2 protein chains.
Amino acid sequence: MWISGTTQYAIRAVLYVAEYGGAVPLHVDNISHALGVPRNYLSKTLHSLARAGVLRSERGPRGGFQLAELPERLTLARVAAPFDDLAQRHCLLRQQTCGARTACPAHVRWEAISASLTEFFGKTTIADLMRPDSAARVQAALASRARPGARRKRTTTAATRRK
Amino acid sequence: MWISGTTQYAIRAVLYVAEYGGAVPLHVDNISHALGVPRNYLSKTLHSLARAGVLRSERGPRGGFQLAELPERLTLARVAAPFDDLAQRHCLLRQQTCGARTACPAHVRWEAISASLTEFFGKTTIADLMRPDSAARVQAALASRARPGARRKRTTTAATRRK
DNA sequence: TGCTATTATCATGTGAATATGATAAACTCG
DNA sequence: CGAGTTTATCATATTCACATGATAATAGCA
């Protein structure tokens, strides 16, 4: 039961970037050390998050990972989406025929639980999980980065999507 | 996310035995056909359920699987127990240190959902999932089997546990 | 006793999730 | 431009859930 290990890594990583990252990007080494998660595996995971528009990444010296959006807008569902198809698995008994038309025996009873799970992942944000004091710092960091006049660089986000 | 495929097989199998089994035991072939589940894999699963005291099994001609208890007493948690450790996974982020003392960032918010899941599996029984009409038949079947004077045979249940 | 039906068990295979190590690509700055 | 830093990607290994096929053990019965 529950979400995949990769998704758990992802949530913890995004949360870490939210709390400890600021104007300066965090390196994979830093994050993987902090979380006790394999480096290269995390690298792939972070890259997926960048493609999904959750993080932005940059290579080379002064590179690393930052949030792509305010933590208030990053729901757990969005963070989990690249790794776990949270929506697709609503039948407790995995009956293919379980739908509005022909329900599995557990359908009605399970529906309530299932809905509360969907709501949890859809409404809980990274900001909700942050220590209160770090939320303010993030606001400042993102604001300064978005200030016009800053030099544009090529970063990997949802916009810059390569095959 | 959710429970393992084996647990889903198990619930569906126990439910099938409850609804279509009676005084005469059901064969693996019958059940696996009905559920569209691999035969030998199901056999192992059913055997585990017998060891767990959910089913009783018997070999040879006239053998097969029957419920070991009234469906009202078979909670989903009991059926799932041999395959999924539902209780062990309470931390959303899989933090080892997540407990009463040091909670993970999601602890408080996740606790409510987690509790409702635990309650669902602990309180929902096989009887709850049965079609209403089949419940009565099971009552009769189990009662006749328990009637004193019936010859005792060696069956595999929680009591007859072999290493 | 021996034949047959049925579950129990063993040995093995397969695929996906997880992980590792090496190399390529991109960026910074002297 | 070239050296160094960092992410991106590729090739491969490991592990585990799920599955398959063959054989052993047990029970009923002629």
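These numbers come from a predicted model, not from an experiment.
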Integer-rounded Å distance: [N] [atom2] and [X] [atom1]:
| X | N | atom1 | atom2 | result |
| --- | --- | --- | --- | --- |
| Leu46(A) | dA19(C) | CG | P | 14 Å |
| Leu35(B) | dA19(D) | CG | P | 13 Å |
| Gln8(B) | dC18(D) | CD | C1' | 13 Å |
| Arg56(B) | dA27(D) | CZ | C1' | 16 Å |
| Phe65(A) | dT5(D) | CZ | P | 18 Å |
| Arg94(A) | dA17(D) | CZ | P | 13 Å |
| His47(B) | dA8(C) | NE2 | P | 5 Å |
| Ile3(B) | dC18(D) | CD1 | C1' | 15 Å |

Side-chain donor-acceptor pairs under 3.5 Å in residues 34-41 of chain B, sequence neighbours left out?
{"residue": "Arg39(B)", "atom": "NH1", "partner": "Asp29(B)", "partner atom": "OD1", "Å": "3.0"}
{"residue": "Arg39(B)", "atom": "NH1", "partner": "Asp29(B)", "partner atom": "OD2", "Å": "2.9"}
{"residue": "Tyr41(B)", "atom": "OH", "partner": "Thr6(B)", "partner atom": "OG1", "Å": "2.7"}

Inset, instruction - Check for a donor-acceptor pair, side chain of Glu72(B) on one end and backbone N or O of Thr125(B) on the other, with a separation under 3.5 Å. - result: no
Inset, instruction - Report yes or no: does Gln66(A) contribute a side-chain atom to a donor-acceptor pair with the main-chain N or O of Ala23(A) at less than 3.5 Å? - result: yes
Inset, instruction - Apply side chain to side chain contact (heavy atoms under 4.5 Å, CB included) to Gln8(B) and list each qualifying residue two or more places apart in sequence or on a separate chain. - result: Arg94(A), Ile3(B)
Legend entry - Donor-acceptor side-chain pairing of Asn30(B) and Tyr16(B) below 3.5 angstrom: yes
Legend entry - Partner of Phe121(B) under side chain to side chain contact (heavy atoms under 4.5 Å, CB included), chosen from Thr124(B), Thr118(B), Leu117(B): Leu117(B)
Inset, instruction - Name the closest nucleotide to the Thr6(A) side chain, picking from dA19(D), dT18(C), dT7(C). - result: dT18(C)
Inset, instruction - Check the pair Arg78(A), Glu69(A) against side-chain contact (heavy atoms from CB on, under 4.5 Å), reporting the backbone distance first and the verdict last. - result: CA-CA 12 Å; Arg78(A) 273 190 71 188; Glu69(A) 291 195 38; 3.0 Å; yes
Inset, instruction - Would you tell me if any nitrogen or oxygen in the side chain of Ser57(B) comes within less than 4.0 Å of OP1 or OP2 on dA8(C)? - result: yes
Inset, instruction - Could you tell me whether the phosphate oxygens of dC18(D), OP1 or OP2, come under 4.0 Å of any side-chain nitrogen or oxygen in Tyr9(B)? - result: no
Pairs under 3.5 angstrom, nitrogen or oxygen only, protein versus nucleotides 1-5 of chain C, please.
none

Inset, instruction - Could you tell me which residues satisfy side chain to side chain donor-acceptor pair (under 3.5 Å) with Thr45(A), sequence neighbours excluded, listed by chain and number? - result: none
Any protein N or O atoms within reach of nucleotides 20-23 of chain C? Criterion: under 3.5 Å, listing atom names and distances.
{"residue": "dG21(C)", "atom": "N7", "partner": "Asn40(A)", "partner atom": "ND2", "Å": "2.6"}
{"residue": "dG21(C)", "atom": "O6", "partner": "Asn40(A)", "partner atom": "ND2", "Å": "3.3"}
{"residue": "dA22(C)", "atom": "N6", "partner": "Asn40(A)", "partner atom": "ND2", "Å": "3.1"}

Legend entry - For Tyr9(A), all residues meeting ring-ring contact (aromatic ring centres under 6.0 Å, His included), sequence neighbours excluded: none
